[in-house]
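Basis for what follows: all heavy atoms, side chains included, without hydrogens, waters or symmetry-related copies. Convention: sequence-line order gives letters A, B, ...; per-chain numbering from 1.
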Amino acid sequence: MEQVITRFPPSPTGALHIGGARTALFNWLFARSLGGRFVLRIEDTDVERSTEESVKAILDAMEWLDLGWDEGPYFQTHRLAVYRQYARQLLDSGHAYWCECSAEELEVRRGQALAEGRKPKYDGSCRSKGLGEGANRVLRFRTPETGTTLLRDIVKGAIEFDNAELDDLVILKSDGIPTYNFAVVIDDITMGITHVIRGDDHVNNTPRQILIYRALGAKLPEFGHVPMIHGEDRSPLSKRHGATSVMEYKRMGFLPEALLNCLVRLGWSHGDQEIFTRDELIEKFTLENVGKSPSIFTMEKLLWLNAHYIKEKRPEELVELLRPFAALRDYPHKSDGFLAGAIRTLQPRTHTLVEMADAMRFYMVDEIQFEPEAAVKFLTADMREVFGRLISELSALETFDETSLEPVFRTTAEDLKVKLGKIAQPVRVALTGGTKSPGLFEIMEVLGRETVIARLKKGLEYIAGN
RNA sequence: GUCCCCAUCGUCUAGCCCGGUCCAGGACAUCGGCCUUUCACGCCGACGACACCGGUUCAAAUCCGGUUGGGGACGCCA
């Protein structure tokens, strides 16, 4: 069987967004699952809007998501000679002709047609003029005026188009640069693409592209049009829906595996399974299980998935991942071992790396701030005795860890005839500044005896000062 | 306007192709409970959907037609 080759062809007019990332993911998964190749191609024929920065941003995002490509990145602007050669072939075989209608003129005609409720298609006025190449002329494809073109789509099924609905599309602009519909076909042919997996906003382009394949006598690839991703208002995801760029999710503290897992489940499913490892996805992904209807992207499940992956990570890995987020805060330097210990206690209770970086504040700073309300409520005079007793017990403790700490608190509580819960909250406030935190004993083990005692004394000072 | 696509809980979806096992299953979110030194995690439970109308059939979420709703395309953008 012939080797599968898929491609992801972003146009570098902005960052890699959620929708594009999912398309890339599907192509990547499809190729990987079948032992095929995955090609990255930059569609930069829109010279006006394409930028270097966008190229870099897209590559960075692909890298962050770890969607590696086997070929490319190819740039369409580097392949102009190839397109011209095929355009020539089309011209020579009578499948294309030069057109002298100006862009302005066409704009007017289009406006009129729309206003009159007609389909705004090119009227074919230069079709039989037999024009040659010249300044300000574009090359148009001669679309058959009758008949139908059938698209057998892997996800949508068979779709038939009336050729009469199509018009003579421009394939070479007046500056000699190919248009999208032409360049894609030539690239997909010459790069040996076997499966074109893309957003279903392209289904209407497909019959035009199929016609070009035919005119060139080229073999058709398989097509799979996946539904688009929408925002909560059911319109296609765009800037006004908030974060749409992949890298924004990185900045918000999401893990790539969580984003990927979230994206793959938008439109695709494998029974009731929600969590997939990369290998599982490669093993289980099929185009047949891609749905036909558009889906809405929300952060709810992403947050849950991210929390899940954070819980699963080794604390040591999280130390690395957290570094850039910690650097954004005024934290003093701490050893990796200390960091790993702190992180381990935070893992079950944070959804994002940003949350975690914030939550670890009390581990990091030398002087913690008491939340006023918490201090007033828990750092009360009756805690004097408790704290005093704790400080001396703790100082005398041989080993200072979770298991040795617990009995100290239990016996102290018993001796002083109070419930453990009664002394836990005040200690928590003294240690962390607030009323919510990881388990008391795990915190203490991470913080270490010295810091714990120092903070208990600070608590005592606060009590004395009131 | 013309053409194309889509339609199951608030959201992501299973089931639909090959009608009965579905008074529709899972997950997220929400609410309640358990666990518990707080907050979480975890566990248990609740809420909650086949867009509508008609047809075919002994039987329809599943097949057919229409309606409505949503989306896409109609560029010398991609």
> In B/S/- notation, 5' to 3', how is nucleotides 30-44 of chain B contacted by protein heavy atoms closer than 4.0 Å?
Replying inline: -------BBBBSS--
> With the sugar-phosphate defined as primed atoms, P, OP1 and OP2, and the base as all remaining atoms, what B/S/- string results for nucleotides 60-78 of chain B, 5' to 3', for protein heavy atoms under 4.0 Å?
Replying inline: -----------SBSBSBBB
What's the [atom1]-[atom2] distance between [X] and [N], to the nearest Å?
X: A:Glu160; N: B:rU2; atom1: CD; atom2: C1'; value: 17 Å
X: A:Phe276; N: B:rC12; atom1: CZ; atom2: C1'; value: 12 Å
X: A:Phe297; N: B:rU13; atom1: CZ; atom2: P; value: 12 Å
X: A:Lys292; N: B:rC17; atom1: NZ; atom2: P; value: 12 Å
X: A:Leu237; N: B:rC12; atom1: CG; atom2: P; value: 12 Å

>> On RNA chain B, compare the nucleotides closest to A:Asp272 and A:Cys262; which residue's is nearer the 5' end?
In response: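 Its nucleotide being nearer the 5' end, the pick is A:Cys262.
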>> Determine whether A:Phe8 and A:Trp69 satisfy the following criterion, ring pair (Phe, Tyr, Trp, His ring centres under 6.0 Å), listing intermediate values before the conclusion.
In response: CA-CA 9 Å; A:Phe8 175 57; A:Trp69 53 92; 9.6 Å; no
>> More than 12 heavy atoms of other residues, nucleotides or ligands under 6.0 Å from NZ of A:Lys56: yes or no?
In response: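 No, because the 6.0 Å sphere around NZ of A:Lys56 holds 12 heavy atoms or fewer from other groups.
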For atom [atom1], what is the distance between [N] and [M], given to the nearest Å?
N: B:rU13; M: B:rA7; atom1: C1'; result: 14 Å
N: B:rG19; M: B:rC64; atom1: C1'; result: 13 Å
N: B:rC43; M: B:rC50; atom1: C1'; result: 31 Å
N: B:rG55; M: B:rG32; atom1: P; result: 46 Å
N: B:rA46; M: B:rG26; atom1: P; result: 10 Å
N: B:rC6; M: B:rA60; atom1: P; result: 24 Å

Find out whether [X] and [Y] are in side-chain contact, i.e. whether some heavy atom of one side chain is under 4.5 Å from a heavy atom of the other.
X: A:Asp358; Y: A:Arg361; result: no
X: A:Ile443; Y: A:Thr345; result: no
X: A:Glu105; Y: A:Glu107; result: no

Under the rule for side chain to side chain contact (heavy atoms under 4.5 Å, CB included), what residues qualify as partners of [X], not counting sequence neighbours?
X: A:Ser293; result: none
X: A:Val427; result: A:Phe387, A:Leu390, A:Phe409, A:Leu431, A:Leu440, A:Leu456
X: A:Asp123; result: A:Arg109, A:Ser125

Tell which nucleotide pairs with [N], taking only Watson-Crick or G-U wobble pairs whose two distances are both under 3.5 angstrom.
N: B:rA60; result: none
N: B:rG1; result: B:rC74
N: B:rG42; result: B:rC34
N: B:rA7; result: B:rU68

>> At less than 3.5 Å, do the side-chain atoms of A:Glu300 and the base atoms of B:rG10 form a donor-acceptor pair?
In response: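 Donor-acceptor pair under 3.5 Å: yes.
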>> Ignoring hydrogens and geometry beyond distance, is the side chain of A:Glu274 in donor-acceptor contact with the base of B:rG26 at under 3.5 Å?
In response: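 Donor-acceptor pair under 3.5 Å: yes.
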> Going by heavy atoms closer than 4.0 Å, what residues in residues 151-159 of chain A are next to RNA chain B?
Replying inline: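 Contacting residues: A:Lys156, A:Ile159.
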>> Using a 3.5 Å distance criterion without hydrogens, assess whether the side chain of A:Thr143 forms a donor-acceptor pair with backbone atoms of A:Asp167.
In response: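 Flag set: sc A:Thr143 to bb A:Asp167 pair under 3.5 Å.
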>> Between A:Asp162 (side chain only) and A:Ala164 (backbone N and O only), is there a donor and an acceptor less than 3.5 Å apart?
In response: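 No; judged by distance alone, with no hydrogens or angles, the pair does not exist.
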> Do the rings of A:Phe276 and A:His270 sit parallel, tilted or perpendicular, given the 30° and 60° boundaries?
Replying inline: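 Taking A:His270 first and then A:Phe276, their aromatic rings stand perpendicular (interplane angle over 60°).
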> Quick one: do A:Glu406 and A:Arg410 make a salt bridge, cutoff under 4.0 Å?
Replying inline: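 So A:Glu406 pairs with A:Arg410 through a salt bridge.
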